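Treat the numbers as computed from the prediction; the structure is a model and nothing was measured. To find a chain, count down the sequence lines: A is the first, B the second, and so on, and within it residues start at 1.
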Amino acid sequence: MKKILVCLKQVPHKDARLDVRSDGSWIQDDNIKFEINDYDTYALEEALRLKDQGEAEVVVATVGPERAAQALRTALGMGADRAIHIWDDALAETDGLGIAKALAAAAKDENFDIIFTGLMSDDANCAVTGPMLAELLGIPHITAVVKTEFKNGDVEVERELEGGALEVASLPQPCLLAVQTGINEVRYASLKGIMQAKKKPLDKKDLGELGLDAAAVAPKLTVEKIFVPPKGAGAEIIEGPADEVASKLVGKIKELGLF
Amino acid sequence: MRFSFTEDQLLLQTTVRDFLEGECPVERLRALWQTETGRSPELWSQLAEVGLLGLLTPEAQGGMGMNEIDLVLLLEETGRAALAEPVISSAAVGVPLLRELEENALGERWLPRVAAGEAVLAVGNGINPFLSDAHVADLLLLPHGDEIHALAPTAVTLERQASNDPSRRIFSVEWAPSSDTRVCGGEEGRTLLAAALDRGALACAAQALGVTQQLIDMAVKYATQRKQFGVPIGSFQAIKHMLADLKVKLEYARPVVYRAAHSVACEARCRATDVSMAKAAAGEAALMAARVALQVHGAIGYTWEQDLHVWMRRVWSLELAWGSGAWHRARVADAVLDGLTPAESFGYSALAA
């Protein structure tokens, strides 16, 4: 049976109002809604499709506070078989490397054949956790995956490059695939699946249980400040009759070399 | 005693909301208006896959065996999305009616099909003269005195009736009761028809809550974007007060609807009164929401292109379905004048005695 790990992150809901904390350390996240990171939903769907095709166990894992359990329950409701919820107060201020270390510690004895992650998270946009996790586990990885095909133990993937170009690559298993959005059509959790998810295992692990300590996940990267850039000056408002405004606007566009 | 929804119930609500936001955008509703049936078999199948249609169906027949307390938040979401598919007649009313028949051959046959999205039920009541969604129904359950009759679509003649809501498809039904179509009657028929009416009214009340919330959200969004005199119109007290009053109206209606869901699920003695209070309270909130949202939007709110009228029309449809607000207020008045004591109104007659 193939064993697949999907790493999920719970991020602020796309419709949540995001305000920066007064100390600029992060956004105010006390009373906002959260959801599974969009990229990670595609990663999960890719894993569930493999499960649909044959025998596979899909395990989902996240590093996050108590509220992150809901993301795991949703993933279980969509069809994942079991979940690992990693949290420890020492992880509250950690960085991508600390998250990757915690995930690697949870994954190292499980011998996963494939690990799926999203390409990046919607909130932090770092795109580092997947590759770091692969490096810590000593397995090959590839990012921006837009197509997967499993052949004779290898994984053939297409990855997205700049300008619409695609790159075809092949990786041996075990490996880690960081998935781009749009690779598939993500299924919805069903109500029955949500209720059945209550009976599926959800293991909670802290750093001690993973053989780590606070020093191991101490952040190497320090966020100095989060802020909304001030509105820039230099906007020019063209006034006058419509035909005159249109004429001036076309002249301006040509002058700036925009067309 | 717990007075809030469980984590599971809230997660089910989020799941249905996410599904409807993804699969039932307003563009899809408008496109369905242009079709002959106004209904989407594809969306119906998706609703079944998500599990909404079989929520009240027993597990043995492919459902989830849950109750109205579990369903009420989900119906609220269907209202928020202005979903016009016959969820109320099939999943909220038809399923429990079939489930509770003493002679259950009909239920054995139809309940799995409804849960799987393979069949639509249309259920009549003694108040509304026209039947919703009769044109897409695979089985029509119609009242005749204290009897319930089950009819195939081929056994009825339908005539479409006008409605100001393109999402609403209502029909006059010509049919003849016979011993072949009779499912039950007498005390069983009266009990099931009364329960069906209460379930239909409760479902409309729940949808009205969702419609109201959506109208508030649309009005607030517009009030923060539309500027007049250099500031958003939402900064004017006249706008703020209207929206605040509407929000109060909605939040006072919510617990009334949730209480009614509890009364239906528990078959409380005060069920009918609770349901009527819920239908009246949620309907008033929704009617007020339609007025206020239109006021906030001003002239643009009258245009076809602006989506406001999609939800306003749902308000007017829901107000009339399964007993109008006036009918339900009269039923509450009857209960009060019949001398229901405060203890009895909370279902404590046995304790009070």
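Surrounding OH of B:Tyr252 are at most 12 heavy atoms belonging to other residues, nucleotides or ligands under 6.0 Å away. Atom CG of A:Asp89 sits in a sparse spot, with 12 or fewer heavy atoms from other residues, nucleotides or ligands closer than 6.0 Å. In the displayed structure, B:Gln225 atom CD is contacted under 6.0 Å by more than 12 heavy atoms of other residues, nucleotides or ligands. With a 6.0 Å radius and a threshold of 12 heavy atoms from other residues, nucleotides or ligands, A:Lys3 has its NZ atom above the threshold. Residue A:Arg67 places its CZ atom among more than 12 non-hydrogen atoms of other residues, nucleotides or ligands, all under 6.0 Å distant. Atom NE2 of A:His13 has more than 12 heavy atoms from other residues, nucleotides or ligands within 6.0 Å. The environment of CD in A:Glu57 is crowded: more than 12 heavy-atom neighbours from other residues, nucleotides or ligands sit within 6.0 Å. Within a 6.0 Å radius of CD in B:Glu21, more than 12 heavy atoms belonging to other residues, nucleotides or ligands are found.
Contacts between residues 39-52 of chain B and chain A, counted as heavy-atom pairs separated by less than 4.5 Å, involve B:Glu49, B:Val50, B:Gly51, B:Leu52. Near-neighbour residues of residues 27-49 of chain A relative to chain B, defined by a heavy atom under 4.5 Å from a heavy atom of that chain, comprise A:Lys33. Residues of residues 66-99 of chain B lying within less than 4.5 angstrom of chain A, judged on heavy atoms, are B:Met66, B:Leu74 in numerical order. Using a 4.5 Å cut-off between non-hydrogen atoms, the part of residues 69-87 of chain A that approaches chain B consists of A:Gln70, A:Arg73, A:Thr74.
Once rounded to the nearest 0.5 Å, the distance linking CG of B:Asp18 with OH of A:Tyr188 reads 8.0 Å. Atom CE in A:Met195 sits 8.0 Å away from atom CD in B:Gln9 (nearest 0.5 Å). Of the inter-residue distances, the one linking A:Ile194 atom CD1 with B:Leu12 atom CG reads 6.5 Å to the nearest 0.5 angstrom.
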